[in-house]
Amino acid sequence: MKDLEKQVKDTFNYLHQHAEISWEEVETTKYIANILKENGCNVNTFVDHTGVVGEYGNFKDNLPIVAVRADIDALWQEVDGSFQANHSCGHDAHMAMVLGLLWKLQQSPELHKQIAIRFIFQPAEEKGAGALKMVEKGAVDNVEYLFGIHLRPQQECKMRNATPVIVHGATKMYSAEIRGHDAHGARPHLNINAIEVGAQIVNLLSKIHLDPRVPHSVKMTNFQAGGKSSNIIQGMLHFHWICGRNQMKLWMNLTIKY
């Protein structure tokens with residue numbers, strides 16, 4: 001067991017140090033595919049996107065197919081003063097744990113003819129589109145049981161503990177831009193200041209109130225304008241915002257007039 005623990009930890013450290021963002025997990029896909037092949041899996045990759053599926057065991061005798069899934073993408077985040085891909089959401093650990101299951105099964109070769117395990121390594125979880133792409137490519141076809149795991153903050157689940165289920169809310173992500181006009185910093189009367197308009201939108205988002213009995217949130221997650229010059233009043237601003245609620249559907253009409 002100590003050897004397996006070291007193998008899992010070494011894999012985690014490697015994946016943590018070689019993080020890749022959504023839809024760009026090229027080297028991660030190759031790395032996992034090689035491990036799957038080396039450990040007796042039939043491996044399937046895709047020509048038009050990242051991600052990999054490996055099948056281990058007996059898929060000829062109509063056994064129930066059990067799938068185990070891990071996400072593989074990292075976030076784009078500022079770390080020590082520079083932006084880079086960073087596994088701050090725990091996907092490096094998810095991949096290492098799922099591979100650990102494969103290595104554990106390898107220790108009991110007598111099980112090979114008795115099980116049918118499909119290992120699904122899904123790309124682009126952070127974009128909210130990777131799961132659908134894998135479903136479209138047949139990753140869950142004929143699956144009878146599907147298991148996944150996700151690390152949680154200690155406020156939700158104590159260290160060395162697990163919970164059978166955590167209910168998540170559906171989310172919707174929006175991207176938009178404000179188009180005004182640039183002006184010199186000394187001439188604010190000659191432009192439409194996109195930053196001022198954006199600041200008002202941030203304040204308005206905090207005034208969206210839904211049923212307080214249902215967990216929900218609305219927040220700005222990205223707010224960018226301008227470049228290196230500090231004496232320009234920016235007329236263009238890009239922003240992203242997310243709304244989420246613990247119900248299957250979230251209907252929201254938001255009108256902002258200026």
Side-chain angles (χ1 to χ4, degrees), residues 13 15-29 48-50 71-93 123-130 132-133 151 153-155 168-210 212 215-245 250-258:
N13 288 330
L15 291 167
H16 186 78
Q17 294 164 10
H18 296 83
E20 296 175 301
I21 60 174
S22 302
W23 297 128
E24 298 181 17
E25 315 96 327
V26 176
E27 296 304 318
T28 302
T29 296
D48 57 339
H49 63 84
T50 47
D71 32 23
I72 68 175
D73 55 329
L75 295 164
W76 187 251
Q77 192 173 12
E78 186 174 355
V79 179
D80 297 328
S82 61
F83 278 91
Q84 64 185 58
N86 184 43
H87 273 303
S88 59
C89 199
H91 297 185
D92 42 2
E125 187 272 342
E126 299 295 351
K127 294 289 188 181
L132 180 59
K133 181 61 70 174
L151 300 184
Q154 61 181 0
Q155 295 87 348
H168 292 275
T171 63
K172 180 66 177 178
M173 303 178 186
Y174 297 88
S175 297
E177 63 183 27
I178 300 166
R179 298 180 181 178
H181 303 286
D182 288 357
H184 190 278
R187 300 174 180 85
H189 59 295
L190 297 181
N191 91 314
I192 297 174
N193 189 333
I195 296 176
E196 290 180 349
V197 177
Q200 293 183 55
I201 293 176
V202 173
N203 290 329
L204 288 169
L205 289 178
S206 66
K207 298 185 183 337
I208 294 175
H209 299 297
L210 304 177
H216 64 274
S217 68
V218 183
K219 60 271 185 181
M220 189 76 74
T221 59
N222 188 289
F223 193 89
Q224 295 183 339
K228 296 182 178 180
S229 298
S230 58
N231 63 336
I232 298 175
I233 302 174
Q234 301 300 327
M236 177 70 76
L237 182 144
H238 303 270
F239 66 92
H240 306 281
W241 62 285
I242 299 176
C243 62
R245 190 176 185 183
L250 173 61
W251 301 99
M252 181 180 296
N253 293 315
L254 177 63
T255 302
I256 303 173
K257 297 181 179 180
Y258 289 93

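Note that the structure is predicted; figures quoted are calculated from it, not measured.
- Every residue was checked against the ring pair (Phe, Tyr, Trp, His ring centres under 6.0 Å) condition with H87, not counting sequence neighbours, and none meets it.
- Pairing each heavy atom of I233 with each of P188, the nearest pair is CD1-CA, 3.4 Å.
- Distance CG/N222 to CE/M173: 12.0 Å, rounded to 0.5 Å.
- Distance check: H216 NE2 to I208 CD1 gives 9.0 Å after rounding to the nearest 0.5 Å.
- Around CG of D48, the count of heavy atoms belonging to other residues, nucleotides or ligands within 6.0 Å exceeds 12.
- Within a 6.0 Å radius of CD in Q154, no more than 12 heavy atoms belonging to other residues, nucleotides or ligands are found.
- Going from atom CD of E25 over to atom CG of L15 covers 12.0 Å, rounded to the nearest 0.5 Å.
- Residues satisfying the ring pair (Phe, Tyr, Trp, His ring centres under 6.0 Å) test with H184, not counting sequence neighbours, are none.
- Looking only at atom types and distance, the side chain of D73 has a donor-acceptor partner in the side chain of H91 under 3.5 Å away.
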| Do I178 and H238 pass the side chain to side chain contact (heavy atoms under 4.5 Å, CB included) test, and can you show the C-alpha distance, the side-chain angles, and the key distance before you say yes or no? | CA-CA 7 Å; I178 300 166; H238 303 270; over 6 Å; no
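- Here the CZ atom belonging to R179 is positioned 13.0 Å from the CD1 atom belonging to I192, to the nearest 0.5 angstrom.
- With sequence neighbours left out, S206 forms a side-chain contact (heavy atoms from CB on, under 4.5 Å) with no residue at all.
- Counted within 6.0 Å of NE2 on H181, heavy atoms from surrounding residues, nucleotides or ligands total 12 or fewer; the atom is thus considered open.
- For the pair P123 and I72, the tightest heavy-atom approach, listed with the atom from each and the gap, is CA-CG1, 3.7 Å.
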| query | Under the side chain to side chain contact (heavy atoms under 4.5 Å, CB included) criterion, do F239 and V202 qualify, and how do the steps go? | reply | CA-CA 10 Å; F239 66 92; V202 173; over 6 Å; no
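- Residues Q234 and D182 have side chains in contact (heavy-atom distance under 4.5 Å, counting atoms from C-beta outward).
- For the pair E20 (side chain) and A85 (backbone), a donor-acceptor distance under 3.5 Å is absent.
- With hydrogens and angles ignored, the 3.5 Å screen pairs no side-chain donor or acceptor of N231 with any backbone N or O of G185.
- Among all heavy-atom pairs drawn from H49 and W23, the shortest one is CB-CZ3, 3.7 Å.
- For the residue pair M236 and A194, the shortest heavy atom distance occurs at N-CB, 3.7 Å.
- Taking every heavy atom of both residues into account, L75 and S88 meet most closely at CD1-OG, 3.3 Å.
- Between atom OH of residue Y174 and atom NE2 of residue H240 there is a gap of 14.5 Å, rounded to the nearest 0.5 Å.
- At least one side-chain heavy atom of I201 sits under 4.5 Å from a side-chain heavy atom of M220.
- Few gaps surround NZ on K219; more than 12 heavy atoms of other groups in view lie less than 6.0 Å from it.
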